[in-house]
Amino acid sequence: MVFGRMILLSLVLLVGAPSAGLAELFLDLGGGATVFIPKDQDGTWYQEAFSHSFDTHDMGLRAGLGWRFNDHWRMTASYVRLGSVEVISDFVSDFDYDAPSHQCRQQCDDPAHLIARDRVQGLEASVTRTWRPWAHVSPFLRVGGALMWHALTVQWWEDDQSGSFQVRGQIPMVLLGGGVCYRWLCAEATYYHGIGSGDMGFPIATRAVVPMLSLKMPLW
């Protein structure tokens, strides 16, 4: 729903944009680093009273097709791989832990352990506004929406017992980014922000910052 609205908004903006220059189809390829921002909800995949650590960095990739309407406006649809975010944590059962006060009630000396890894990827659509103050250098801003799918794998163990399970869900997101291009080569950064509370499946993170280098190569 949100993803569809963002695409519609992008189309409206582009239809209303002034026409100048030659339209063209281009290939958009990018790679860089993803920095996840974990949800700070005590009691979901970690408990603040116990030892826990996050691995919030991974490689981000993007591949898509774009349409340049003129020198100032373009629209792009892409596959995006944000990568994985991981948490390692000790924990006790929800009955034994008081999340509002961040305190363990009982069984505090013998916690269980878990490793949770969440892989995030999906589709995005964005509209970009470009300025051309110099001959081959063009700063830009882009906005859009994304629908991410995540697969959370959890392994846990306690004394002589252990187990694992997987949780899947969808994370609708809005995105805001910007950067600068020299001819086809661009340096950019994008902020992804999860919205809504639908079928998310308890993700570790719903926000991320992705700096990357990208190539925007005309196909004709």
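Remember, it's a predicted structure, so these values are computed and weren't measured experimentally. When reading the values below, keep in mind they use all heavy atoms of this one structure, side chains included, and skip hydrogens, waters and symmetry mates.
- Between K216 atom NZ and L65 atom CG the span is 12.0 Å, to the nearest 0.5 Å.
- In this structure, S53 OG and I88 CD1 are separated by 4.5 Å, a value rounded to the nearest 0.5 Å.
- When ring centroids are compared, H52 and F50 stay outside the 6.0 Å threshold.
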Query - Candidate pair F140 and C181, rule side-chain contact (heavy atoms from CB on, under 4.5 Å), full reasoning - result: CA-CA 8 Å; F140 65 89; C181 295; 3.6 Å; yes
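- Hydrophobic clustering places L114 together with Y46 (ILVMFWY residues linked when any side-chain heavy atoms are closer than 4.5 Å, directly or through intermediates).
- To the nearest 0.5 Å, atom CZ of residue R168 and atom OG1 of residue T153 are 7.5 Å apart.
- Remark: the backbone N or O of F202 is paired with a side-chain donor or acceptor of W45 at under 3.5 angstrom.
- Residues that satisfy the side-chain contact (heavy atoms from CB on, under 4.5 Å) test with L29, not counting sequence neighbours, are L27, A63, M217.
- Counting all heavy atoms, side chain and backbone alike, Q47 lies closest to D42 at CA-OD1, 3.2 Å.
- Shown are V85, D118, V120; of these, the side-chain contact (heavy atoms from CB on, under 4.5 Å) with L152 is made only by D118.
- Heavy-atom minimum distance, A116 versus I204: O-CD1, 3.6 Å.
- Between R142 and T128 the shortest heavy-atom distance is CB-OG1, 3.2 Å.
- Put simply, the side chain of R207 never gets that close to the backbone of F36: no donor and acceptor are under 3.5 Å apart.
- V210 and L61 are assigned to two separate hydrophobic clusters, defined by single-linkage of ILVMFWY side chains at heavy-atom distances under 4.5 Å.
- Within the 3.5 Å criterion, the main-chain N or O of S126 finds no donor-acceptor partner in the side chain of T76.
- The shortest distance between side-chain heavy atoms of E48 and Y97 falls below 4.5 Å.
- The heavy-atom pair separating Q155 from S164 by the smallest distance is CG-CB, 4.1 Å.
- The closest donor-acceptor contact from the side chain of R183 to the backbone of V137 lies at 3.5 Å or more, if one exists at all.
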Query raised in the report: Can you list the steps and then say if R74 with W67 is a side-chain contact (heavy atoms from CB on, under 4.5 Å)?
Result: CA-CA 6 Å; R74 66 177 182 260; W67 181 258; over 6 Å; no
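- No salt bridge links E86 with R119; every basic N to acidic carboxylate O contact stays at or beyond 4.0 Å.
- Atoms CD and SG, from Q103 and C108 in turn, are 9.5 Å apart once rounded to the nearest 0.5 Å.
- Distance alone, capped at 3.5 Å, places no donor-acceptor pair between the D58 side chain and the T34 backbone.
- Between M173 and T206, the shortest heavy-atom contact is CE-O, 3.5 Å.
- Here the closest heavy-atom approach between residue H150 and residue G201 is recorded as CE1-O, 3.3 Å.
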Query - Test log, rule side-chain contact (heavy atoms from CB on, under 4.5 Å), inputs L123 and M148 - result: CA-CA 6 Å; L123 301 173; M148 298 294 176; over 6 Å; no
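- Residues I37 and T56 fail the side-chain proximity criterion, which asks for heavy atoms closer than 4.5 Å.
- Cation-pi geometry between R132 and W134 is not met: the NZ or CZ atom fails to fall both under 6.0 Å from the ring centre and inside 45° of the normal.
- F54 and W156 fall within a single hydrophobic cluster, where Ile, Leu, Val, Met, Phe, Trp and Tyr side chains are chained together by heavy-atom contacts under 4.5 Å.
- A salt bridge does not link D55 to R117: none of the charged side-chain nitrogens sits closer than 4.0 Å to a carboxylate oxygen.
- Residue F95 holds its CZ atom at 5.5 Å from CD of Q106, rounded to the nearest 0.5 Å.
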Query - L82/Y192 under side-chain contact (heavy atoms from CB on, under 4.5 Å): CA gap, chis, key distance, verdict - result: CA-CA 10 Å; L82 293 184; Y192 294 87; 4.0 Å; yes
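- One hydrophobic cluster holds both W184 and F69 under the rule that ILVMFWY side chains link at heavy-atom gaps under 4.5 Å.
- Hydrophobic clustering of Ile, Leu, Val, Met, Phe, Trp and Tyr side chains at less than 4.5 Å, counting indirect connections, keeps V174 apart from V209.
- In this structure, P111 and F91 have side chains that are not in contact, with every pair of non-hydrogen atoms separated by 4.5 Å or more.
- Contacts of R62 classified as side-chain hydrogen bond (donor to acceptor under 3.5 Å, both in side chains), with partners at least two apart in sequence or in another chain: D28, E188.
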Query raised in the report: Run the salt bridge (charged side-chain N to carboxylate O under 4.0 Å, His left out) check on R105 and D96 step by step: do they pass?
Result: CA-CA 5 Å; R105 293 170 173 163; D96 296 329; over 6 Å; no
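- With N70 contributing its side chain and H72 its backbone, the two residues share a donor-acceptor pair below 3.5 Å.
- Atom-to-atom distance recorded for L185:CG and L215:CG is 6.0 Å, nearest 0.5 angstrom.
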